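Here is the structure we will look at.
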Amino acid sequence: GENVEQHPSTLSVQEGDSAVIKCTYSDSASNYFPWYKQELGKRPQLIIDIRSNVGEKKDQRIAVTLNKTAKHFSLHITETQPEDSAVYFCAAWTSYDKVIFGPGTSLSVIP
Amino acid sequence: NAGVTQTPKFQVLKTGQSMTLQCAQDMNHEYMSWYRQDPGMGLRLIHYSVGAGITDQGEVPNGYNVSRSTTEDFPLRLLSAAPSQTSVYFCASSYQPGGMNTGELFFGEGSRLTVL
């Protein structure tokens, strides 16, 4: 079945450093790849997304890259701040309208 | 505009009991889905629906039923609760004009279920 892998499971960085989270997906027909941020006790919220016809997208300090040939995509956060501390999930919309999430990355930004 | 509303927020059940988690959205979204969230396992898709009268199974459908009689509501039924169904459940919806996924899932606040 469809699968999304995500690495690392935990990530700790110093404030101001960059953080990178990587995901791979199995359904080659997937065409939409969102990233969600979930703060402790809250619901997941979309932070950035990318479609299969685009290789890179940037929004202020966050960016996402997509390599369709290799079936992987990555989230990049620059100049990290303590408020970036949260769990981040990648996801893929599959060809059957299923939205499959990765297992999550717990990011800690140390002041 | 309430968005996605889930009830109840907390529930404790005994093994074998049945219950329904309610989900309603007021954004006229065609796409609705249910996820369960367990530590270290992310969000796993239980069931989803691309429109009224249409439902389909996700990654972990066993022990759960759904129906979609209206665009607004998508209830999740636990037929005979088991301790393995202890989890946080999220309902989510998305706008899909003409069947094309626009992507963003809007989540409810979650329902924490404990099965003893």
Side-chain angles (χ1 to χ4, degrees), chain A residues 1-11 21 23-27 29-54 57 59 64 66 73 86-107, chain B residues 2-6 9-10 23 25 29-51 54-62 66 68 74 87-112:
Chain A
E2 302 90 348
N3 185 49
V4 175
E5 297 182 356
Q6 183 172 348
H7 299 280
S9 56
T10 60
L11 181 58
I21 303 170
C23 290
T24 60
Y25 59 97
S26 61
D27 184 355
S30 294
N31 60 8
Y32 177 72
F33 307 93
W35 286 87
Y36 288 82
K37 176 183 179 182
Q38 186 179 30
E39 297 175 347
L40 190 62
K42 301 287 184 63
R43 71 190 88 185
Q45 291 194 301
L46 180 75
I47 56 171
I48 196 168
D49 55 17
I50 192 167
R51 297 192 182 274
S52 57
N53 58 348
V54 176
K57 183 177 179 180
D59 183 4
V64 58
L66 172 65
F73 56 114
V87 179
Y88 291 81
F89 294 99
C90 61
W93 278 75
T94 72
S95 51
Y96 295 99
D97 269 329
K98 295 181 183 178
V99 185
I100 305 299
F101 282 79
T105 296
S106 178
L107 173 63
Chain B
V4 179
T5 303
Q6 288 183 234
K9 288 186 171 51
F10 301 94
C23 177
Q25 52 89 11
H29 285 174
E30 296 164 347
Y31 186 93
M32 296 187 74
S33 54
W34 276 102
Y35 289 87
R36 60 176 291 173
Q37 184 171 32
D38 304 292
M41 303 192 74
L43 295 150
R44 291 184 291 169
L45 181 64
I46 304 172
H47 287 285
Y48 65 103
S49 168
V50 298
I54 306 169
T55 63
D56 211 339
Q57 295 182 348
E59 303 169 272
V60 288
N62 293 342
V66 291
R68 185 90 182 272
F74 191 44
S87 188
V88 178
Y89 291 84
F90 284 99
C91 179
S93 70
S94 182
Y95 182 47
Q96 284 195 303
M100 293 292 292
N101 70 66
T102 57
E104 181 172 4
L105 285 174
F106 292 84
F107 286 85
E109 291 184 306
S111 299
R112 184 175 295 274

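All of these numbers come straight from a predicted model, not from anything done at the bench. Each chain gets a letter, A, B and so on, in the order the sequences are listed, and its residues count up from 1.
- Taking the six-membered ring where the residue is Trp, A:Phe101 and B:Phe107 present perpendicular rings, their angle passing 60° and hence far from 30°.
- Ranking A:Gly41, A:Pro44, A:Ala91, A:Ser9 against chain B, the residue ahead of the rest is A:Pro44, based on heavy-atom pairs under 4.5 Å.
- In this structure, the separation between CH2 on A:Trp93 and OG on B:Ser94 is 4.0 Å, given to the nearest 0.5 Å.
- The distance from the CG atom of B:Leu105 to the OH atom of A:Tyr36 is 4.0 Å, given to the nearest 0.5 Å.
- With a 4.5 angstrom heavy-atom cutoff, A:Gln38 touches chain B only via side-chain atoms.
- Residues A:Val99 and B:Tyr31 share a closest heavy-atom pair of CG2-OH, 3.7 Å.
- Pairing each heavy atom of B:Gln57 with each of A:Lys98, the nearest pair is O-CE, 3.4 Å.
- For B:Leu43, the parts lying under 4.5 angstrom from a heavy atom of chain A are both the backbone and the side chain.
- If you tally non-hydrogen atom pairs under 4.5 Å between each of B:Gln37, B:Met41, B:Arg44 and chain A, the highest count goes to B:Gln37.
- B:Phe90 and A:Lys42 get closest at one heavy-atom pair: CZ-O, 4.1 Å.
- Contact annotation for B:Glu59: only side-chain heavy atoms (C-beta onward) come within less than 4.5 Å of a heavy atom of chain A.
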